[in-house]
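So the structure is just underneath, and the comments pick up after that.
No experiment lies behind these values; they were computed from the predicted model shown.
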Amino acid sequence: MKIVGGNFGVSGSASVSNNDTLVIKGANKVTYRADQVASVSARVVKERKFGVVGFIIGLLLFSVLLGLLLNVIGVIIAIVLAVAGSFYSKKRNIAEVRFNDDQVVVLECSGREIKRLYLLYRG
């Protein structure tokens, strides 16, 4: 799991070990037992971005094909299709773990890692 925020800095890693402890290697290395975890909350963050390379390639392909078939109207349609097809999204799982000593760590996790954090919290 990648550390993306909290009291342990914005870089580093964390892992759940086999003996039900959360090992955080951020600005400092800390180990928390399962009974020291106060809460775990998770969410999915969706980022929407525009791909310039995809736009240029799509514009070239569509404008040649549709330009030959429909002339100027085909090029206009090609621009619209290239813009619409150039957006892509990326989903990230974010987990916020609070501890009994008022420390917080924000982690970017996979679905399996979030499940392990919840199992650690539930005991």
Item to check | L107 and K2: CA distance, side-chain angles, deciding distance, side chain to side chain contact (heavy atoms under 4.5 Å, CB included) verdict | outcome: CA-CA 5 Å; L107 303 167; K2 181 181 172 187; over 6 Å; no

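- Remark: the Y32 side chain and the D101 side chain contain an N/O donor-acceptor pair separated by less than 3.5 Å.
- L117 has its side chain out of reach of Y121: every pair of non-hydrogen atoms, C-beta onward, lies at least 4.5 Å apart.
- The CG atom of D35 lies 9.5 Å from the CG atom of L120; values are rounded to the nearest 0.5 Å.
- Interatomic distance, Y118 OH to S39 OG, rounded to the nearest 0.5 Å: 9.0 Å.
- What you find for A14 and I3 is that their closest heavy atoms are N-CG1, 4.5 Å.
- Closest heavy-atom contact between A95 and I114: CB-CG1, 4.3 Å.
- I24 and V4 end up in different hydrophobic clusters when Ile, Leu, Val, Met, Phe, Trp and Tyr side chains are linked at under 4.5 Å.
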Would you be so kind as to tabulate the donor-acceptor pairs closer than 3.5 Å made by side chains of residues 68-85, with sequence neighbours excluded?
none

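- Under the 4.5 Å side-chain heavy-atom criterion for grouping Ile, Leu, Val, Met, Phe, Trp and Tyr, V40 is connected to F99 within one hydrophobic cluster.
- Atom SG of C109 sits about 13.5 Å away from atom NZ of K115, to the nearest 0.5 Å.
- A search for ring pair (Phe, Tyr, Trp, His ring centres under 6.0 Å) contacts involving F87 returns F50, not counting sequence neighbours.
- Contact record, A38 with N100: CB-OD1, 3.4 Å, taken as the closest heavy-atom pair.
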Give the table of side-chain donor-acceptor pairs shorter than 3.5 Å for residues 53-65, with sequence neighbours excluded, one pair per line with atom names and distance.
from	atom 1	to	atom 2	distance (Å)
S63	OG	L59	O	2.6
S63	OG	L60	O	3.3

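- Taking OG of S17 as the start and CZ of R116 as the end, the distance is 8.0 Å to the nearest 0.5 Å.
- Heavy-atom minimum distance, T31 versus Q36: O-OE1, 4.1 Å.
- Two residues are said to be in side-chain contact when any heavy atoms from C-beta on lie closer than 4.5 Å; E96 and V104 meet this criterion.
- The shortest side-chain heavy-atom distance between R92 and E47 falls under the 4.5 Å cut-off.
- Considering only heavy atoms from C-beta on, V16 comes within 4.5 Å of M1 through its side chain.
- For the atom pair CG (N93) and CZ (R112), the distance works out to 13.0 Å, reported to the nearest 0.5 Å.
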